[in-house]
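Heads up: the structure comes next, in structure tokens.
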Amino acid sequence: MNNGGLLVAGTTSDAGKSVVTAGICRWLVRQGVKVAPFKAQNMSLNSFVTRDGAEIGRAQAMQAQACRVEPTAPMNPVLLKPGGEQSSQVVLLGKPVGELSARGYHGGRQQKLLGTVLDCLAELRGTYDAVICEGAGSPAEINLRRTDIVNMGIARNAGLPVLVVGDIDRGGVFASFFGTVALLSPKDQELVAGFLVNKFRGDVSLLEPGLDMLHGLTGRRTYGVLPFRHGLGIDEEDGLRVSLRGTVRESNTAPPVGEDVLRVAVCAIPLMSNFTDVDALAAEPGVVVRFVDRPEELADADLVVVPGTRGTVRALEWLHERGLARALRRRAAEQRPVLGVCGGFQILGEHIEDDVESRRGHVEGLGVLPVRVRFAREKTLTRPVGEALGERVEGYEIHHGVAEVTGGDAFISDDHGHSLDGCRVGQTWGTHWHGSLESDGFRRAFLREVAAAAGRRFVPAPETSFAALREEQLDRLGDLIEQHADTDALWRLIESGAPQGLPFIPPGAPA
């Protein structure tokens, strides 16, 4: 028999579904509930590798951390990784199974995956006391309802109550709540239990008349009003939405330890993947991280990061188009620090043979690292451990490119000093390992090297623990739910399903 469940839907993309799901998960686990996250289908360039080598969305990995459980492939059975405007790589149960256009996916393949998705959800519900599911976009995408497997499609098939989250900071939240319900079919509407307001600023009493009117119009209650809080975003789903200028995210960090700050510029390359790699840098007191897209913005940077990308050759072309390729070569020649991660590492190499991703064949790289890259059809998905700069380092690999290092110094080695990954020439480093900067000792050692090369009197904070900061963030999300949602009513919803007799709101969509 299935245990409790809930689908957290949203009026729009970025309404706060991922954050609310993580917050509910952390609140439940603190009550002694054995809980797991689930997202049937995720479209994201930010992904993670489970311990058994499966690729899933990073948001689900962080939600699993909120649940204090290991992430697994059934928590995100379908992952779509955009390769451009028209196509995505389809990752099924953690392994890539091919490229599909949007028309090809929604035209038939998506619906065929419903059985797999429901099996994964049933497996989780049979193992955990509760499963908190996250929807995608809006449940009222009526053009996609027939093949939907992530919003009302999964709710209807699994009998899940639905909580709709709206971002009031954007405005129009009441119209969005009402319109979302009114565009659903009668059977779908029966599962929409109510609403949750996200990112409210001000006096809640001023909002209450509107909530009362919304209840009168829809027959559905509001389960909570979450206040606006800075720096609460967990690992975002979509690198395409990153602001090109401005800090990685607003975070509450201590003042610098040393006399200087360290400025980090991240090249905002197309199809940027796992840009969360630099979050650990942004969490360091005295490190300022920003995304850039012009060569002049590299001038005052102490470190330039070329991040991962789903389109290595396209990103390389973009760097040339913007004049950033020339600026990066000049930095490397001047012994000014540059770090390439995954696709960024490949870009810094001598040449790329790509008959898989771009199918462009032989392409010249920037030539600042002695590396030759050949794209293999099989994707490397591992969770390696090694040593760099005298410190233990952990990471995860997600790439088709196979690097042949022909010179330079080893970057990451095993316990016996044998090279495991990457290379270094002067002040230019490259590695395929995502997440390596989350290893505190290695991050501090790396920043000391960067500061010395940049001539900055920057001192890494000796006690910064990225894992502890992430736990604090997840606890803050749990606090939001505990303090600002009706948790008794929320638990009844999870345990017993949507209330009976919810009214139909016309016009509704065809059944």
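Here the structure is a predicted model, which means the values were calculated and not measured.
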What I want to find out is whether [X] reaches [Y] closely enough, with some N-O distance under 4.0 Å, to be called a salt bridge.
X	Y	result
Asp479	Arg476	no
Asp302	Arg456	yes
Glu357	Arg359	no
Glu449	Arg444	no

Heavy-atom closest contact ([X] atom, [Y] atom, distance):
X	Y	value
Trp429	Leu348	O-CD1, 3.9 Å
Arg263	Asp300	CD-O, 3.6 Å
Asp260	Arg457	OD2-N, 2.8 Å
His399	Cys342	CB-SG, 3.7 Å
Leu474	Ala22	CD2-CB, 4.5 Å
Ser273	Asn46	C-OD1, 3.8 Å

(Q) Can you tell me how far apart CG (Asp354) and CG (Leu316) are? Round to the nearest 0.5 Å. (A) 11.0 Å
Q: Would you give the length of the straight line joining atom CZ of Phe442 to atom CD of Glu394, rounded to the nearest 0.5 angstrom?
A: 12.5 Å
Using a 4.5 Å cut-off on heavy atoms from C-beta on, say whether the side chain of [Y] contacts that of [X].
X	Y	result
Arg470	Glu438	yes
Glu70	Arg51	yes
Pro337	Val304	no
Val341	Leu339	yes
His351	His362	yes
Val117	Gln41	no
Asp277	Pro307	no
Leu324	Leu298	yes

Q | Residues in side-chain contact (heavy atoms from CB on, under 4.5 Å) contact with Pro384, at least two apart in sequence or another chain | A | Thr382, Glu397, Trp433
**Q.** With sequence neighbours excluded, residues passing side-chain contact (heavy atoms from CB on, under 4.5 Å) with Ala333
**A.** none
Examine distances only and state if a side-chain atom of [X] and a backbone atom of [Y] form a donor-acceptor pair shorter than 3.5 Å.
X	Y	value
Arg310	Lys81	yes
Asn76	Lys39	yes
Arg326	Leu319	no
Asp169	Phe228	no
Ser439	Gly441	no
Asn151	Ala136	yes

Can you tell me if [X] and [Y] form a side-chain donor-acceptor pair at under 3.5 Å?
X	Y	answer
His400	Gln89	yes
Gln65	Glu471	yes
Glu134	Gln60	yes
Thr12	Arg170	yes
Ser44	Asn42	no

Q | Aromatic ring pairing Phe411/Phe446, orientation class (parallel under 30°, perpendicular over 60°, tilted between) | A | tilted
Q.
So, applying side-chain hydrogen bond (donor to acceptor under 3.5 Å, both in side chains) with Thr312, which one of Arg360, Gln346, Glu317 is it?
A. Gln346
**Q.** Pairs involving residues 40-75, ordered by first then second residue, that meet ring-ring contact (aromatic ring centres under 6.0 Å, His included) (sequence neighbours left out)
**A.** Phe48-Tyr396
